[in-house]
Amino acid sequence: MNPQNLTSLIVCIAFFFASISVEAQTPLTFVDTAKDVGIVSQHFDGGGSKNYLPQLMMTGLALFDFDGDGWTDIYLLNGHELSPQTDFQAPKTNRPGNTLYRNNHDGTFGDVTDAAGVRSGSFAMGAVAADLDNDGDQDLMTSNFGALELLVNNGDGTFAIETDSVGIGNTPRFGSGIGCLDIDNDGLLDLFASNYVEFSFDQYGEAPRSSPYPPGPKDFPPAADCLYRNLGDGTFEDVSISSGIAAAAGPSMGIVCGDFDGDNDADIFVCSDAAPNQFFVNDGFGHFVDSALLSGLAFDLGGNANGSMGVDAGDYDNDGRIDLLITNYTGQMPVLYRNLGDGLFEDVSRVSRVGRSVIAHTNWGVGLVDFDNDRDLDVFFANGHFLKNIELIDDRTTYRVPNTLMLNDGRGGFSDVSKSAGPGLEISESSRGAGFEDLDRDGDIDCIILNANSRPTYLENRTRGLGNWIGIRLIGTSVNRNAIGASVQITADGIKQVAMVHAGRGYQSHYGTELHFGLGKATRIDPILVTWPGGEQETFLCDNILRTVQLAQGRGKPVPSK
């Protein structure tokens, strides 16, 4: 045999047995318990036969603790009928609207939508939760096919809609991903809202069809994104133009904010649909330049501008730098951008094998999550097409397909373990937004998935014999109270892990304000290193693994948590 061919054969055999070994050792088990725990709301994309773009592109969700009891609650977004007559306005017919589920602390959830005042009649696209006014509770913001909505938490389990009075305007837009960040490290959270295209029903009727597909993002002008600076008095100033954000426009989808270039200020990554992605780099004073091309984030390794949908951020290879994982359209592999430092990234999708089993499907929600507590980040993809008859057009996929779980082998590679991860991964839906939290507080990460025109999926992690863990909640004092933009370094048995606090991520969703670290067999951790927004560092001594702890800025030791 040719020596070169023999070498290739040996490499293929090694990869084959590595995949078998990973799957054989994986005890992951997920069960859909949505109906049993009370999560039964029905998603509605607007119906009809027109396939308007907002119907195809919706929607996300938010996981956050709205009542401050230490347990994560669930906010699911929804739509309503769309037609040229209703335009951006909600019709008068009774549609379910968004739904807020309160965590009952016993594994079940209760619908408190009307009691909390958060049903909303908007055609919702994305959501984010954060303490915008630093008063100790979580406010809620939604982007819509319509105006932005800010729901201010009253601190008593209810919210007040104060959009018009706080300066984020009532201009109807085709909203998408939405996030919070402190653009100038003044301790106040600012608001970034991405927009898709300049859509109108008149343009839709005149737009050319790429038969048999309906008009898409290339048939409409791209829309510039918006940035609102927090003035500290409950109001915001539109700085979209002066900050440089509005200088670049694209069909924006999912977003994530954070210090990705290591210079102690918050940057913004934006997925673009069939256009180059955008990477707004902060100069430290709240001014931004799109550096996606120079950073290696605009295109994939082949130079393609993909139909990018959602994005998550995490250190998949434990090298101390935050990487980015992007979901894409059918026929396009999800892209894993490895952070090289100094604002540079490389596409390692192929060598990591992260997306090879989902290339046939459209992917939306995404999570870089340690599901088995073994100290490295696994991957979850929410899959499903937006055309109900796609199999008649493209036989590689269907409207409803199972979601995908990829296990990290600890060596920079991933294997698809979906078929061995329990009945929850056998469900076929057209999934969109997904969120990941320890919803039942048993020490492992669960998953909630919003499914288009169907009921949600709640994947309860019932895996036995998982590794040890610790949860971290940060409390800012001189920085924003949620410490959005801070990073935490955990070291156990010589293995370092780094995670960052984000507000807004995945596919137009929000989750993960509480950081979860798997510890494997480790029974103790070294002092925890926190880098607060702006770069100040602080160490905390903590022996309380197997629980969630709160770390308050300036304290040096954990404070009591609920």
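In this text the structure is predicted, and so the values were computed from the model without any measurement.
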Q) Excluding sequence neighbours, so at least two apart, what forms side-chain contact (heavy atoms from CB on, under 4.5 Å) with Lys218? A) Ala274
Q: Determine whether the side chains of Asp202 and Ser200 contain a donor N or O and an acceptor N or O closer than 3.5 Å.
A: no
Q. Thinking salt bridges, do Arg432 and Asp45 make one under a 4.0 Å N-O criterion?
A. no
Q: For Asp395, check side-chain contact (heavy atoms from CB on, under 4.5 Å) against everything at least two apart and list the hits.
A: none
Q.
Show every salt bridge (Lys or Arg N to Asp or Glu O under 4.0 Å) that has at least one partner inside residues 137-152, sequence neighbours left out.
A. none
Q: Name all pairs fulfilling the salt bridge (Lys or Arg N to Asp or Glu O under 4.0 Å) condition that reach into residues 178-198, sequence neighbours left out, sorted by first residue then second.
A: Asp184-Arg229, Asp186-Arg229
**Q.** By side-chain hydrogen bond (donor to acceptor under 3.5 Å, both in side chains) - contacts of Thr531 (at least two apart)
**A.** Gln537
Q. For Val348, which residues count as a side-chain contact (heavy atoms from CB on, under 4.5 Å) partner, sequence neighbours excluded?
A. Tyr316, Leu336, Arg338, Glu346, Val351
**Q.** Between Asn451 and Ser431: side-chain donor-acceptor atoms closer than 3.5 Å
**A.** yes
(Q) For residues 264-288, which residue pairs pass the salt bridge (Lys or Arg N to Asp or Glu O under 4.0 Å) check, not counting sequence neighbours? (A) none
Q) With sequence neighbours excluded, what pairs up with Ala313 under the side-chain contact (heavy atoms from CB on, under 4.5 Å) test? A) Val256, Phe260, Ile322, Leu324, His502
Q. Who passes side-chain hydrogen bond (donor to acceptor under 3.5 Å, both in side chains) against Ser308, sequence neighbours left out?
A. Asn277, Asn328
Q.
The criterion is side-chain hydrogen bond (donor to acceptor under 3.5 Å, both in side chains); which residues satisfy it with Tyr75, sequence neighbours excluded?
A. Asn98
Q: Sequence neighbours left out, what passes ring-ring contact (aromatic ring centres under 6.0 Å, His included) with Tyr196? Give chain and number order.
A: Phe174
Q. Looking at Ile326, Val270, Leu325, which one forms a side-chain contact (heavy atoms from CB on, under 4.5 Å) with Val311?
A. Ile326
Q: Go through the structure and list residues passing side-chain hydrogen bond (donor to acceptor under 3.5 Å, both in side chains) with Thr513, not counting sequence neighbours.
A: His510
Q. Does the gap between the ring centers of His80 and Phe123 come in under 6.0 Å?
A. yes
